[in-house]
Amino acid sequence: MKIPPDPDSLQSLLSEAAEARHQAYAPYSDFFVGAALLCSDGSIHRGCNVENASYGLTQCAERVAIANAITAGQRYFVALALSLTKAGTPCGACLQVMQEFAPRLRIILGDEKGTWVRETSLPDLLPQPFGFEK
Ligand code: THU
């Protein structure tokens, strides 16, 4: 039986996202984003945005966290915490990448200090996702 994460672990996930935000490389936008992804085995994988002088090559924090988790051998994601200014929501490209692995993902949105602002979910933010019939 899977035990859902308790509120304390989700708050500490958000704190990890706020720490990851400090590593963001965002000299062009000055918009720093940190992510922390909780996997089904309890491991947490971090991500931050990584910008490039060729702007379109920028990597979002969420997708960096997902790639880190996949690289560590994880495939099942439970919750994603984000730390960013005004606790904004993930971009559409990141939502589609989340959809690939975790269609029911819980998403915790926090401000730049890691203060909890609200919880949402992937089905809320991407109600009609693209996907192939399985
Ligand atoms: N960014 C993210 O890291 N995640 C998102 O979901 C939206 C945007 C980053 C990309 C870029 O470095 C900066 O925020 C401004 O768009």
Side-chain angles (χ1 to χ4, degrees):
M1 188 182 74
K2 280 186 188 160
I3 299 164
D6 58 79
D8 282 354
S9 358
L10 290 176
Q11 177 56 64
S12 65
L13 189 68
L14 184 53
S15 302
E16 290 216 26
E19 280 177 29
R21 184 177 171 277
H22 291 298
Q23 313 305 329
Y25 176 72
Y28 304 104
S29 73
D30 239 16
F31 191 81
F32 301 83
V33 186
L37 185 61
L38 174 65
C39 298
S40 59
D41 72 340
S43 63
I44 292 172
H45 303 269
R46 296 181 180 190
C48 63
N49 52 331
V50 184
E51 297 189 346
N52 191 273
S54 177
Y55 297 168
L57 298 182
T58 291
Q59 300 176 78
C60 288
E62 297 90 324
R63 278 179 282 159
V64 170
I66 290 170
N68 281 339
I70 295 292
T71 305
Q74 298 304 309
R75 284 284 193 285
Y76 303 102
F77 308 150
V78 177
L80 173 75
L82 285 181
S83 165
L84 71 173
T85 306
K86 292 192 176 159
T89 47
C91 78
C94 288
L95 295 176
Q96 180 64 31
V97 173
M98 292 172 204
Q99 177 69 30
E100 184 74 20
F101 298 103
R104 297 165 55 80
L105 190 66
R106 295 174 71 171
I107 300 174
I108 314 301
L109 300 173
D111 69 10
E112 61 272 30
K113 292 186 182 130
T115 305
W116 186 295
V117 174
R118 70 186 172 105
E119 176 171 352
T120 181
S121 70
L122 188 53
D124 276 350
L125 297 177
L126 191 67
Q128 295 184 28
F130 170 78
F132 294 112
E133 292 290 325
K134 288 194 177 149

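The model shown is predicted, which means the values in this text are computed figures rather than measured ones. Ligands are counted one by one from 1 in listed order, and the atoms in each one are counted from 1 as well. Position 1 is the first residue of the sequence; numbering continues from there.
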Is it the case that the side chain of N49 and the backbone of F31 share a donor-acceptor pair, with hydrogens and angles ignored and the cut-off at 3.5 Å?
yes
What are the distances between nitrogen or oxygen atoms of ligand 1 and protein nitrogen or oxygen atoms, counting only those under 3.5 Å?
| residue | atom | partner | partner atom | Å |
| --- | --- | --- | --- | --- |
| ligand 1 | 3 (O) | A61 | N | 2.9 |
| ligand 1 | 4 (N) | E62 | OE1 | 2.8 |
| ligand 1 | 4 (N) | E62 | OE2 | 3.4 |
| ligand 1 | 6 (O) | E62 | OE1 | 3.4 |
| ligand 1 | 6 (O) | E62 | OE2 | 2.7 |
| ligand 1 | 6 (O) | C91 | N | 2.9 |
| ligand 1 | 12 (O) | N49 | ND2 | 2.9 |
| ligand 1 | 12 (O) | E51 | OE2 | 2.5 |

With salt bridge (Lys or Arg N to Asp or Glu O under 4.0 Å) as the rule and sequence neighbours excluded, what pairs involving residues 48-64 come up?
none
Please list all pairs passing the salt bridge (Lys or Arg N to Asp or Glu O under 4.0 Å) test where one or both residues lie in residues 14-36, with sequence neighbours left out.
E16-R46, E19-R46
Under 3.5 Å, side chain of S121 to main-chain N/O of R106, donor-acceptor pair present?
no
Find out whether L122 and R104 are in side-chain contact, i.e. whether some heavy atom of one side chain is under 4.5 Å from a heavy atom of the other.
no
Which residues share a side chain to side chain contact (heavy atoms under 4.5 Å, CB included) with D6, sequence neighbours left out
D8, S9
